[in-house]
Amino acid sequence: MERELAARFAAEFRLAFSALSPSRQALLSLVYGQQLPKSDAGRLLGMPDYKVSRELRASMDFLRDRLDSTNPGSWTPEALNMWTEAWTQACASGGGGSSDDA
């Protein structure tokens, strides 16, 4: 049962992450997946410092809302970190994907 819930959450996270704009996917991947400081991630993406925190917050809110709508209570900051890391690794190995701007 636990494995089935984890697999379902992973699939839901993949869909939610794919629905983010490419810049938000990159920002989350750099900050949470690669552990890059926000200022460095913003600089790499050509984003002003003030916008980095806004974009991170908006991205996390989107993920939380999307995941909570399909499985209430499943989204936590720890879950976000864990799945963003997994997603970043999957993208790096060709297993992930992205979408057009949401």
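Start at 1 with the first residue, then count along the sequence.
Listed by chain and number, the residues in a side-chain contact (heavy atoms from CB on, under 4.5 Å) with Leu44 are Leu30, Leu36 (sequence neighbours excluded).
Screening residues 51-60 for side-chain hydrogen bond (donor to acceptor under 3.5 Å, both in side chains), with sequence neighbours left out, gives Arg24-Glu55.
Under the 3.5 Å distance criterion, the side-chain polar atoms of Gln34 are left unmatched by any main-chain donor or acceptor of Val31.
In this structure, the separation between CG on Leu15 and CG on Leu63 is 11.5 Å, given to the nearest 0.5 Å. With rounding to the nearest 0.5 angstrom, the CE atom of Met47 is 5.0 Å from the OG atom of Ser23. Atoms CZ and CG, on Phe17 and Leu67 in that order, are 12.0 Å from each other to the nearest 0.5 Å. Distance check: Leu56 CG to Leu27 CG gives 4.0 Å after rounding to the nearest 0.5 Å. Distance check: Asp49 CG to Lys38 NZ gives 10.5 Å after rounding to the nearest 0.5 Å.
Of all heavy-atom pairs between Phe62 and Ala19, the closest is CZ-CB, 3.8 Å.
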